[in-house]
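Working notes, structure below.
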Amino acid sequence: MEDALTLDTLAKSAADMAMSIDTIWVLVTAALVFFMQAGFAFVEAGFTRAKNTVNILYKNLMDFAVGSIVFWAIGFSLMFGANTAGGFMGSPSLFNFDIWKGGIPEEAFLIFQTVFAATAATIVSGAMAERTEFKTYLVYSLIISLLIYPISGHWTWGGGWLASMETPFHDFAGSTVVHMVGGLIALTGAIALGPRIGKYSGKRANAIPGHNIPYGALGVFILWLGWFGFNPGSQLAASGSANATAISHIFVTTNLAGAAGAISALLISWIRFGKPSLSFALNGVLAGLVAITAGCDLVSDLGAIIIGTIAGVVLVYAVTFIDNVLHIDDPVGAVSVHGVCGALGTILVGFFAQGSGLFYGGGTAQLVSQLIGVGSTAIWALATGFVLFKVLKATIGLRVPKRIEEEGLDIYEHGESAYN
Amino acid sequence: MEDALTLDTLAKSAADMAMSIDTIWVLVTAALVFFMQAGFAFVEAGFTRAKNTVNILYKNLMDFAVGSIVFWAIGFSLMFGANTAGGFMGSPSLFNFDIWKGGIPEEAFLIFQTVFAATAATIVSGAMAERTEFKTYLVYSLIISLLIYPISGHWTWGGGWLASMETPFHDFAGSTVVHMVGGLIALTGAIALGPRIGKYSGKRANAIPGHNIPYGALGVFILWLGWFGFNPGSQLAASGSANATAISHIFVTTNLAGAAGAISALLISWIRFGKPSLSFALNGVLAGLVAITAGCDLVSDLGAIIIGTIAGVVLVYAVTFIDNVLHIDDPVGAVSVHGVCGALGTILVGFFAQGSGLFYGGGTAQLVSQLIGVGSTAIWALATGFVLFKVLKATIGLRVPKRIEEEGLDIYEHGESAYN
Amino acid sequence: MEDALTLDTLAKSAADMAMSIDTIWVLVTAALVFFMQAGFAFVEAGFTRAKNTVNILYKNLMDFAVGSIVFWAIGFSLMFGANTAGGFMGSPSLFNFDIWKGGIPEEAFLIFQTVFAATAATIVSGAMAERTEFKTYLVYSLIISLLIYPISGHWTWGGGWLASMETPFHDFAGSTVVHMVGGLIALTGAIALGPRIGKYSGKRANAIPGHNIPYGALGVFILWLGWFGFNPGSQLAASGSANATAISHIFVTTNLAGAAGAISALLISWIRFGKPSLSFALNGVLAGLVAITAGCDLVSDLGAIIIGTIAGVVLVYAVTFIDNVLHIDDPVGAVSVHGVCGALGTILVGFFAQGSGLFYGGGTAQLVSQLIGVGSTAIWALATGFVLFKVLKATIGLRVPKRIEEEGLDIYEHGESAYN
Amino acid sequence: MKKIEAIIRKTKFEEVREALLDAGIEFFSFWDVRGAGQTREGRMYRGVVYDTSIIERTLLSIIVRDKNVEKTVLAIMKAARTGEIGDGKIFISSIDESYRIRTGEFGDESLYIKGKEE
Amino acid sequence: MKKIEAIIRKTKFEEVREALLDAGIEFFSFWDVRGAGQTREGRMYRGVVYDTSIIERTLLSIIVRDKNVEKTVLAIMKAARTGEIGDGKIFISSIDESYRIRTGEFGDESLYIKGKEE
Amino acid sequence: MKKIEAIIRKTKFEEVREALLDAGIEFFSFWDVRGAGQTREGRMYRGVVYDTSIIERTLLSIIVRDKNVEKTVLAIMKAARTGEIGDGKIFISSIDESYRIRTGEFGDESLYIKGKEE
Ligand SMILES: Nc1ncnc2c1ncn2[C@@H]1O[C@H](COP(=O)(O)OP(=O)(O)O)[C@@H](O)[C@H]1O
Ligand SMILES: Nc1ncnc2c1ncn2[C@@H]1O[C@H](COP(=O)(O)OP(=O)(O)O)[C@@H](O)[C@H]1O
Ligand SMILES: Nc1ncnc2c1ncn2[C@@H]1O[C@H](COP(=O)(O)OP(=O)(O)O)[C@@H](O)[C@H]1O
């Protein structure tokens, strides 16, 4: 601004301001998304037993730490590098971020993507809680942030094949890319591990109540807060009236879907089980938030409420189905919340997207793209998760010995107890 | 910016940038205010007994969820619709937000107002803790967000009659509109319910200590953080040097008042009771923050400290007076913190407002307006609260049966216990 | 913008927008730094015993409250007033903030500096936990925020002598100015107090495990979040592409160093003690964050990882050395985390600063300046801390009586217990 | 000397304590226990009901001189009764010896304060 | 009447409870204790190992009629055993008297439900 | 066999444990209790004082062979004493039978490790 004033210098400085505004927005929302790590840690710690609390907190801490480094080192390039292998992945390169070009500094984009990658990784720990070897978990979390998440992420967000379809697959903030991927890998992990000792007696599922429901509630409040970074931040811009209007709308749809999810899970659990269950309502919030994530930019406010409501209902049935019928032991409901509702929300975009959605006269093109995106990403997550845990099981071992599981991982694996 | 560069396109883009800046500001502060829900939840959970923890967390979660939806559906229009009934309320309309015009997208304004409405609603749960029927609470929270709060809110913030007085009633961020309304409805609720079993033996008040003071402290830290959204966000703008200076000033006055409230409550409780009490200091912070909310934009830094100090002192006396003399059982002190200090802080604007305040030679006009605003809003809150709880008591019932209250609401109402 | 449009009015409004952007940035990051108070409170509460929980929370609350007021009243002027006494301190003046001139409103700068001052103050409580008189702590915290911190802060950030050296001492966000000062005063406090009863039996150090590790983890997550305000906020500006790029880079280096600290502390504790210890990994995060704070703007991403890694390793050795060899009882490891790693990180700037650092061919000039800065500030902190605690010990007394220490400070000093 | 162990509802603790004080019994210890008995409270966790008869109770352990057994039992009986299932039990057993750590007193003497009571 | 106190692994509680139910023992109280015994679990806090023999156990306190002592002990023995050090102990002592607070019943009668069992 | 129940200050636990180890007593269980006794600690909550005699104590339950009773009592007495009101009590009662769950050993045998002690 020390140059002579001309229209051009002013335009330049206006462009600079726009970039600053976008950068602030992305960084602040990245900080909120980072905080979701604490949210996940407390949801998972609260919904498991006291004897494994140190372990679960540790896993949540380390998957972020490890993920931050490996995503920075290579993962980012796999996700955002130039298409290679026909849009299957980005070209790998070592800590190289100028492969990406956009309206904000590349490191702002990097940190935003890093906290997203870490979210996908951390979802898994909940489903595998209370029985997984610590060192195996470290290896798993390295591989998801390094390879699994970036590659399928590339398909949708890195300009890969899903983004290049005629009607591109629409997953605005990651119902599928982040949550479903995390949730389905969680599923393969939970299956590979088998249920916790005492979880099933024959055909009967036993309750293993979480040790501290307030931690669970704290976690959900933090996650809800974080989602106000997750979804509106994914706009990656705030400058100009179009962006400002968009992020405001996304804020509202996100909030309404979470609220609707809480209400419908409350009502359904009340009707089905005779009492309104807090643990279901808390999961209902998350279900609504996960489901709205794909279409938070395109659906109307009312659409958001409907999507959240559906997600809350489906959540309750998914949890009990997976537990009572499939007998897959997912201590915190990660598979239902992130896997099932992630897929659900993404598909519902095909119905509720204003303009392209079926209910808005947009025909089935979008819906088909959504199904292709969900389906292909699901196959990827399931297949890689399956192989990964198979290999880990055969090599370094997946599950702690019976005695350690019974007495608690905290003391035997870490030599520390959570409460003294 | 792809148009030809002219002064006009540049001015347009500058206006756009200003709008973006304001939008970011409002959305970020809305997120902080949202997080106050977690703060309230933990203050209330910490200051009540372990056997009702699931219940109190649940109420805090659901009043936000329910409030979000009904405020969106109708409440907003009652608050910000065109004056009707002589400025008594806004014209109701269904999910209609373009009734409001301002410098930011209407949905940004909507979400900011939603989290405010939810704050008023959630205050009440603390005073009614440990003995209220869950379903009745849901109905109550629906009605406050749908009707009670929006209507009196309209008077001050919606262009209603209090805003149209010659010297308009000044309640910048809601000492009265939000906190006092919540606090006085809480009062009517606590009276309608009667005290918890065992709270009073004849004339003697018994202590029923909260089960987890760290939760209370966490809650207060979160609320303090949230207040940095609540007050500075209420400027609804950050662009231009006047706004930037204003929000900076509000940040400082807010912080100083909270700090002063903590110190004075600490000292008074130390002097009165021989020991410095953390629970009072925590409430003192909130007292200072509530009190400064009305005038945070107008008072000087020193004024803020004085207001905070007064609030801290008054808080301690209000709590013990309500408990020991009035024998109204308010487990978390919501009536004192929000009701008493909300009214107090609003009235003190009449003294401390730079320019219009009595102490600044502004005469009594502002003070009179403040008294009118506080008085009329108080009557509204007390009257509607009284009727509401009367009706609820006569119809679906207000209080849980004795046995359930004794054994705890968690197990009997929700079938879940907080700690396992 | 109602004036006639000219290049000049547009330029003026562009400058205004820049100021707004910077102000938003500083205020939002100030809010995040404020939240670090909750982080410290919970780290310290978690890593000490349940019988002193009210006390430690109380101290964390009050040092912020007291610090806010005294830093506002005088501290700020000592730190940012015009050089006096040859750059030794700023000229004192009462609540006077226009002594500082910059691109943002002076009160935005004030609040940002206030939360920093409070951080330095609050570090000390952890090292002095479980045995310090409450009233003495209040006096201590008043003096650090009023005098000790502002004066040495002036040297580096207020234009004092360290900032005026030929190669100015570089401490971007306060590894030395904030953390090392806090950590070394903590050291003098811990020495002046002596160890907790039962901490050492002759030459043997006994473990006194913290009572709630989840609180410790929550605190660390909150602190990590806060650091995204602490470091990027210290840029004090976000407008223009240079600033936007800078804050993005700082975000990334901060995160990478924290992550690396966690990983290296995990590995070292695993190797040294046979089991991966969560309490060390949590401290490792903080060690990495403290260490990167001085150079987060200048070092490369890889440099940040290396600095974080070194800090994590040093942390583990520092904790055990101070405990087992020096027999100084620092319950939460504040001296190691903030004192040792603060000094370390500042010195490492002399090696890793891109441009001026030794490893980048910048010669030793920067390194020498770093050593001078660290050395002189360390002497100041140690000397004033030593005198302060000596005087407090001789006058109002430093340590609670044996009986109170044994039975817990909560009940005897505050009449409240944390859990009921 | 007898040991009286009373398992009572948690919610009745304050009343029992006052009744004991009124009866002149000032010394006792107590802690939280869980009890399996006739009362059943259905709990549910994420849709899985877990039948549990597990109820929070307080156990009072009171060592008294033989002459005080009766009034202690009566005091508890009266204060702890609600008449509904789950009121709890009182068990009495013999104590061979008792010591006061502070003074080394033993036997009956260790159970009351000289001077305060004859 | 006898009091049976069993100190068992926390993790064996569910099994023991079911074994007791199967043996017809429906009434008991229990709480968490810590035990010093032969098992040692090394804990470490910030690099300082604290040798601790302190293990979490559950203590069951069951008052039964004399005729039920044997089956109770056998049930616990079977359900609580893992064969590894630290399985715990069972102690039996005499109870002089027992009262049911709700009804005032005492003696053996207070220990079972009339009608349910002969 | 005797059961020794000692109610001590929580803060004295470590010392008592070491004194017991020195005396050769390695097996015991303990848990937190609250005690009503002569000590009063005033607590206050939001301005309402609640007189409470309720103090946190640790209860040690040690079953020993008859010959070990004396040294156990002496060890506790010495380690737990501060001389101030509130030091606690020791109660001794008889145990009829004892079983080690792991091996099925009973009687005195169940109370020590063969080979370790004669
Ligand atoms: N034989 C027993 N041994 C130990 N505790 C018992 C016994 N019988 C009852 N209790 C305790 O007393 C509580 C109340 O007993 P319950 O049978 O439910 O009620 P009631 O005595 O009114 O029929 C139980 O939860 C349990 O804690
Ligand atoms: N003499 C005793 N008095 C009280 N509790 C005991 C006694 N002996 C054992 N216990 C309890 O039983 C638990 C298991 O005993 P331990 O010696 O470790 O195993 P085992 O009986 O299999 O040899 C101990 O942790 C302790 O709680
Ligand atoms: N008769 C008793 N029955 C059960 N517990 C007792 C009895 N007398 C004392 N206690 C326990 O011992 C603790 C200390 O007793 P107290 O009377 O305060 O001190 P002192 O024995 O030094 O006079 C009490 O808090 C209580 O837990």
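Of the atoms belonging to D/Ser93, not a single heavy atom falls under 4.5 Å from chain F. Looking at F/Ile4, neither its backbone nor its side chain comes within 4.5 Å of chain D, counting heavy atoms on both sides. Only the side chain of F/Val73 comes within less than 4.5 Å of a heavy atom in chain D; its backbone stays farther off.
Comparing D/Ile63, D/Leu59, D/Ile62, D/Asp32 by heavy-atom pairs within less than 4.5 Å of chain F, the highest count is held by D/Ile63.
The shortest distance between side-chain heavy atoms of F/Ile90 and D/Phe106 does not fall below 4.5 Å. D/Val33 is not listed as a side-chain neighbour of F/Trp31, based on a closest heavy-atom distance of 4.5 Å or more.
Rounding to the nearest 0.5 Å places CD1 of D/Ile95 at 7.0 Å from CZ of F/Phe91. In this structure, OH in D/Tyr99 is found 8.0 Å from CG in F/Leu74, a value given to the nearest 0.5 Å.
Using a cutoff of 4.0 Å between basic side-chain nitrogens and carboxylate oxygens, D/Lys3 and F/Glu5 are scored as salt-bridged.
Applying the salt bridge (Lys or Arg N to Asp or Glu O under 4.0 Å) definition to pairs two or more places apart or across chains, those involving residues 86-95 of chain F are F/Arg9-F/Asp87.
Of the residues listed (F/Lys12, F/Met77, F/Lys78), the one engaging D/Ile101 in a side chain to side chain contact (heavy atoms under 4.5 Å, CB included) is F/Met77, and it is the only one.
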